[in-house]
Amino acid sequence: MNQPVSGTLGRYWHALEDGRVQCDVCPRYCKLHEGQRGLCFVRARQSDQIVLTTYGRSSGFCIDPIEKKPLNHFLPGTPVLSFGTAGCNLTCKFCQNWDISKARDLDRVQDAASPEEIAEAAVRSGCRSVAFTYNDPVIFLEYAVDVAQACRERGIKTVAVSAGYISPEPRIEFFRHMDAANIDLKGFSEGFYKALCSSRLAPVLETLEYLKHETKVWFEITTLLIPGENDSPAEIEAESAWVMDRLGHDVPLHFTAFHPDWKLTNRPPTPPGTLHEARRIATNAGLCYVYTGNIHDPAGQTTHCHSCGAVLIGRDWYDITAWYLSADGSCTSCGTPCAGVFEANAGRWGRRRQPLRLRAFDSELSAH
Ligand code: SF4
């Protein structure tokens, strides 16, 4: 039996002739009877409308290095206030954040936080941006947009970490409020998306093309390479060629290491050699900024000038170890601009990860 639900009125839905109500936020287009929840679990039908049941609640806050999102070309070295809610609109068998994304009881989202409180916490803790991460912000669009507006009023940037699985109309509103994004391109075949994520590749590619051609959002792409599933040289070549052809040479691409988790525990961790090879393939395809992730690989984390080859930004995990960009973000050796959003100097946050309780943080501040 369906439990009564409560929440904030959602956008992007319509009533169907058969009496059900369809959520139009993502390409799953869940069709709901009264009291039912969508696949993401956090959008539900209540009194013939779709509500968001997690508005104003978070699964926790943490100050991270921006490189952890991963974003290597967006305010490098700066701290980002990161948070998520619960639920997800994909069902990836290899989910690396399943304790949050698969949360079914909303005990996970115990930190109450208004958009203004989050933006204020970012200002007071010295963060340059707020990231919607840990689970996909597409499903809590109304909350994410309100937080983003509160951030912009205070000069704080916003970052979406998303699978890009969103319908065309909400996509416009959602990304209008974002300054940067990392889009998970989970594989490069419809078969992979269908078998491992119960979803489709095509809408994700549409989101990537939309971001490139119709917005000013700075975005980077991440592909988690899973042994035997999406790591063949042919698939990596096809993905690299598509990025080169449809998005251009200056979109950063991160190949990151999988570790066995959730329902995919019969695959080994990604060997470093696979990540190195993927980086080589994508670089040979013409992409200028290709990185490895989730392994210790300072060479694979270094940004080079695509014109003269000089090191622009050196990294060791999330520490910035070298900085050869001029104040306007150009190579100090040859003057060629590096694609991205840069300030005169690198931030100094380093590799720290600092959990933050918003309410405790507020009382601590008011005590001083
Ligand atoms: S956002 Fe949630 S409820 Fe809406 S279509 Fe997607 S999975 Fe279904």
Side-chain angles (χ1 to χ4, degrees), residues 2-59 83-93 95 97-98 100-106 108-109 132-148 160-178 181 183-184 186 190 193-207 210 262-263:
N2 293 321
Q3 301 291 319
V5 289
S6 64
T8 301
L9 182 61
R11 298 193 277 277
Y12 307 106
W13 54 268
H14 70 282
L16 297 171
E17 282 184 5
D18 64 6
R20 292 181 297 172
V21 173
Q22 176 173 309
C23 173
D24 296 318
V25 165
C26 90
R28 292 198 178 276
Y29 299 117
C30 297
K31 298 167 183 62
L32 305 177
H33 294 288
E34 187 61 25
Q36 269 188 327
R37 292 173 182 270
L39 178 133
C40 60
F41 199 71
V42 300
R43 303 183 83 83
R45 174 170 169 180
Q46 177 198 45
S47 306
D48 296 332
Q49 298 175 318
I50 299 289
V51 296
L52 169 61
T53 60
T54 51
Y55 189 102
R57 291 191 290 163
S58 155
S59 55
F83 81 101
T85 59
C88 191
N89 59 337
L90 270 73
T91 58
C92 305
K93 292 190 170 129
C95 185
N97 267 336
W98 61 269
I100 292 171
S101 63
K102 309 300 177 205
R104 282 295 177 263
D105 66 60
L106 297 179
R108 287 289 326 182
V109 283
F132 310 100
T133 178
Y134 307 137
N135 69 324
D136 205 302
V138 160
I139 62 170
F140 60 94
L141 175 144
E142 295 82 1
Y143 185 32
V145 164
D146 287 355
V147 173
V161 180
S162 170
Y165 205 57
I166 184 168
S167 306
E169 199 187 343
R171 181 158 62 207
I172 296 169
E173 178 187 5
F174 182 78
F175 284 112
R176 190 166 62 227
H177 296 278
M178 299 297 150
I183 303 294
D184 253 338
K186 291 173 185 287
E190 287 291 356
Y193 267 82
K194 186 171 178 203
L196 278 95
C197 312
S198 306
S199 56
R200 291 184 292 125
L201 168 64
V204 181
L205 300 183
E206 278 173 28
T207 295
Y210 172 78
W262 187 232
K263 293 180 177 169

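Order of listing sets the numbers, starting from 1, for every ligand and every atom in it. Scope of the values below: all heavy atoms of this structure, side chains included, with no hydrogens, waters or symmetry mates.
Between Phe83 and Phe140, the ring planes lie tilted relative to each other; the angle falls in the 30° to 60° range.
Under 2.8 Å from atom 4 (Fe) of ligand 1, one finds the following protein N/O/S atoms: Cys23 SG.
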Output, in order, the C-alpha distance, side-chain angles, deciding distance and verdict of salt bridge (Lys or Arg N to Asp or Glu O under 4.0 Å) for Arg43 and Glu142. CA-CA 11 Å; Arg43 303 183 83 83; Glu142 295 82 1; 2.6 Å; yes
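Of all heavy-atom pairs between Ala44 and Thr53, the closest is CB-CG2, 4.2 Å.
Summarising the geometry, atom CG belonging to Leu90 is positioned 7.5 Å from atom SG belonging to Cys26; distances are rounded to the nearest 0.5 Å. Distance check: Ile172 CD1 to Tyr210 OH gives 5.0 Å after rounding to the nearest 0.5 Å.
Listed by chain and residue number, Tyr12, His14, Gln22, Tyr29 satisfy the side-chain contact (heavy atoms from CB on, under 4.5 Å) test with Asp24 (two or more places apart in sequence, or in another chain).
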